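Notes for the one structure printed next.
Each ligand, and each atom within it, is numbered from 1 in the order the structure gives. These numbers were taken from a predicted model, which means no experiment stands behind them. The analysis underlying the following values was restricted to heavy atoms, covering all of them including side chains, and did not include hydrogens, waters or symmetry mates.
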Amino acid sequence: MANELSADVVVVGTGICGSFVAHELAQAGLSVLMLEAGPRRERAQLVENWRNMPPANKAASDYATLYPTVPWALHPQYMPENGYPQVDGPDAHAYRQGILRGVGGTTWHWAASSWRYLPSDIQLHATYGVGRDWAVTYDELEDYYYKAEVEMGVNGPNDTSLKYVAPRKQPFPMEPMPYGPADRRFTEVVATAGYANTPVPQARNSRPYDGRPQCCGNNNCMPICPIGAMYHGVYHTLKAEKLGARVIPNAVVYRIDTNAANEVTAVHYYDPDKVSHKVTAKTFVIAGNGIETPKLLLLAANDRNPNGIANSSDQVGRNMMDHPGILMSFQAAEPIWTGGGSVQMSSITNFRDGDFRREYAAIQIGMNNTAQNLKAGVKALQMGLVGKKLDEEIRRRAACGMDIYVNHDVLANPENRLRLSTTRKDGLGIPFPHITYDVGEYVRKSAVFSRQHLQKIAALFGATEIETTPYFNPNNHIMGGTIGGADPKNSVVDKWMRTHDHKNLFLATGGAMASAGTVNATLSMAALSLRAAAAIKQDMLHG
Ligand SMILES: Cc1cc2nc3c(=O)[nH]c(=O)nc-3n(C[C@H](O)[C@H](O)[C@H](O)COP(=O)(O)OP(=O)(O)OC[C@H]3O[C@@H](n4cnc5c(N)ncnc54)[C@H](O)[C@@H]3O)c2cc1C
Ligand code: SF4
């Protein structure tokens, strides 16, 4: 056992959720220590890694390889696959998540779509009699949504008459970004069939904001914005550090100590040489994302908590959710030229809400505005073309290629479960997470209509070479595994993200979200994390 460290608050994980909490608490004058399993990464090196990646990886949307994983803090790599995490069940493919472990967390490579949930998403059971309700209502969350939007710098449409956008008391911090040619044309074409296209709220700068530049629209957002116009969680890690918070990278928390009152007294972490270090604090926050947080709570089971930390309800690791997706690609009959502007700007929200949710899942339909040139180049080469014909085919495919997706609301199901693997371990000997996943009938029923919508949209564009995923694909919005609720018997955290079992332990992750809605989930995770910070400040400064 090496030296012992101490702080007012220990935060495990430096993603957006952990960094938001650390920043708020450091700003309030508390001493904060952040433990991060993975290494620090520099933007310039990541951009260089991206440039040097093989075209086939780029064309297949491999956003992981440029973030090399380390043996003590594995994260998923898909080209080639490293099998992390283990997934099985009828819809295993739909839980092949992208997470990153390292300072700043997973938002290093996100698309920054930053939606608020609808009040009915949050109270799905109260409204439609299916699924579960969150511990918190929309009204209780709204101020935290707004603060998260300001901290991240979210641009979006202020027109509340748009179909199914969340109510708001304050305008977005920034005006929406202008549409490029593809998003403009998409809006016109789908409108002819009654689909209302809504500009996606995005955490990227439509004007210089918070010391970061304006987005120049050159479409590299996934896997890395070279100039930092897109918000990344690392900005709040750096801001917290400036205010005095200390970050220890390569520190993998694996054990949690509790006392007779079941308060947390210490966490222990391994460094890359597997030397163990103990850290004490008054309050602890675990912000290890929706997969690593339940994994750690199960791993850290002790004599007082034999089923795992915070797990007297047996709900830790259950109710794992994401937005099961279907992706369609095709060649449009006319040049569309996706790739001008950021990667995700258009969303059809007509089916985001409605009484049909009693029977089947709500959906979001969107167009990816990702540039098609890499896919076009690989395909044209595979066709064996050379010279002028090759050039023409690349140009045609780059102009006419389109990707349309549908994301589904999924219901919390306790059988969709994360456990500790019994067969695979990482470089420190810590078991992999092992997830069993089935999207359920509620989604399968809805997907029948989703596929009809996709066919209809393809027809509107005179599509050829239509390819639609036969399975559900993941969307990296990891929710449910430390589910929130009012009743300690069937939930893990309360409306302030405080664990029911340990009064000084908070979980700042999407795990608290008890229903999935249809839209990207990180803004909600960030807003919930700000509630955790508010409760901790109340405890420690005014309690
Ligand atoms: C390709 C891609 C695109 C996406 N696009 C969008 C989008 O457009 N909109 C959206 O809303 N969401 C999007 N997401 C999802 C979004 O990135 C996540 O929801 C978000 O990053 C979650 O934040 P977090 O802080 O909970 O976790 P993370 O960002 O994953 O950070 C958690 C951190 O905790 C650390 N940690 C974990 N366990 C331990 C431990 N035991 N000890 C120490 N440290 C630990 C990890 O190493 C990690 O750095 C996307 C994700 C991907 C992969
Ligand atoms: S379009 Fe370019 S500048 Fe704008 S957020 Fe994406 S990568 Fe950054």
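Using a 4.5 Å heavy-atom threshold, the side chains of I404 and I365 count as touching. Contact of the Y209 side chain with the V150 side chain is registered, since non-hydrogen atoms from C-beta on lie closer than 4.5 Å.
No salt bridge links R101 with D426; every basic N to acidic carboxylate O contact stays at or beyond 4.0 Å.
D494 pairs by the salt bridge (Lys or Arg N to Asp or Glu O under 4.0 Å) definition with nothing, not counting sequence neighbours. Residues passing the side-chain contact (heavy atoms from CB on, under 4.5 Å) test with S529 are C17, V21, A508, sequence neighbours excluded.
Side chain of N205 to main chain of P208: no donor-acceptor pair is present (N/O by atom type, distance under 3.5 Å, no hydrogens or angles). Side-chain N or O atoms of W50 include none that pairs as donor or acceptor with a backbone N or O of K58 at under 3.5 Å. Between the side chain of N369 and the backbone N or O of M345 there is no donor-acceptor pair closer than 3.5 Å.
Interface atoms of ligand 2 facing N219, defined by a heavy-atom separation under 4.0 Å, are 1 (S), 2 (Fe).
Of all protein N/O/S atoms, those under 2.8 Å from atom 8 (Fe) of ligand 2 are C225 SG, and waters are not counted.
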Taking a 3.5 Å cut-off between nitrogen or oxygen atoms, can you list every pair linking ligand 1 to the protein, with distances?
{"unit_1": "ligand 1", "atom_1": "5 (N)", "unit_2": "A111", "atom_2": "N", "d": "3.0"}
{"unit_1": "ligand 1", "atom_1": "8 (O)", "unit_2": "A111", "atom_2": "N", "d": "3.4"}
{"unit_1": "ligand 1", "atom_1": "8 (O)", "unit_2": "A112", "atom_2": "N", "d": "3.1"}
{"unit_1": "ligand 1", "atom_1": "8 (O)", "unit_2": "S113", "atom_2": "N", "d": "3.0"}
{"unit_1": "ligand 1", "atom_1": "8 (O)", "unit_2": "N520", "atom_2": "ND2", "d": "3.4"}
{"unit_1": "ligand 1", "atom_1": "9 (N)", "unit_2": "S113", "atom_2": "O", "d": "2.9"}
{"unit_1": "ligand 1", "atom_1": "9 (N)", "unit_2": "N520", "atom_2": "ND2", "d": "3.4"}
{"unit_1": "ligand 1", "atom_1": "11 (O)", "unit_2": "S113", "atom_2": "O", "d": "3.3"}
{"unit_1": "ligand 1", "atom_1": "11 (O)", "unit_2": "A521", "atom_2": "N", "d": "3.4"}
{"unit_1": "ligand 1", "atom_1": "11 (O)", "unit_2": "T522", "atom_2": "N", "d": "2.9"}
{"unit_1": "ligand 1", "atom_1": "11 (O)", "unit_2": "T522", "atom_2": "OG1", "d": "2.8"}
{"unit_1": "ligand 1", "atom_1": "12 (N)", "unit_2": "T522", "atom_2": "OG1", "d": "2.7"}
{"unit_1": "ligand 1", "atom_1": "19 (O)", "unit_2": "T522", "atom_2": "OG1", "d": "2.8"}
{"unit_1": "ligand 1", "atom_1": "25 (O)", "unit_2": "I16", "atom_2": "N", "d": "3.2"}
{"unit_1": "ligand 1", "atom_1": "25 (O)", "unit_2": "C17", "atom_2": "N", "d": "3.0"}
{"unit_1": "ligand 1", "atom_1": "29 (O)", "unit_2": "T106", "atom_2": "N", "d": "2.7"}
{"unit_1": "ligand 1", "atom_1": "30 (O)", "unit_2": "T106", "atom_2": "OG1", "d": "2.6"}
{"unit_1": "ligand 1", "atom_1": "30 (O)", "unit_2": "N289", "atom_2": "ND2", "d": "3.0"}
{"unit_1": "ligand 1", "atom_1": "41 (N)", "unit_2": "V253", "atom_2": "O", "d": "3.0"}
{"unit_1": "ligand 1", "atom_1": "42 (N)", "unit_2": "V253", "atom_2": "N", "d": "3.0"}
{"unit_1": "ligand 1", "atom_1": "44 (N)", "unit_2": "A37", "atom_2": "N", "d": "3.0"}
{"unit_1": "ligand 1", "atom_1": "47 (O)", "unit_2": "E36", "atom_2": "OE2", "d": "2.6"}
{"unit_1": "ligand 1", "atom_1": "49 (O)", "unit_2": "E36", "atom_2": "OE1", "d": "2.8"}
{"unit_1": "ligand 1", "atom_1": "49 (O)", "unit_2": "E36", "atom_2": "OE2", "d": "3.1"}
{"unit_1": "ligand 1", "atom_1": "49 (O)", "unit_2": "G102", "atom_2": "N", "d": "3.3"}
{"unit_1": "ligand 1", "atom_1": "49 (O)", "unit_2": "G102", "atom_2": "O", "d": "3.0"}

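Relative ring orientation between F472 and H408 is described as perpendicular, the plane-to-plane angle rising above 60° on a 0-90° scale split at 30° and 60°. Between Y138 and Y145, the ring-plane angle classifies as tilted under the 30° and 60° cut-offs.
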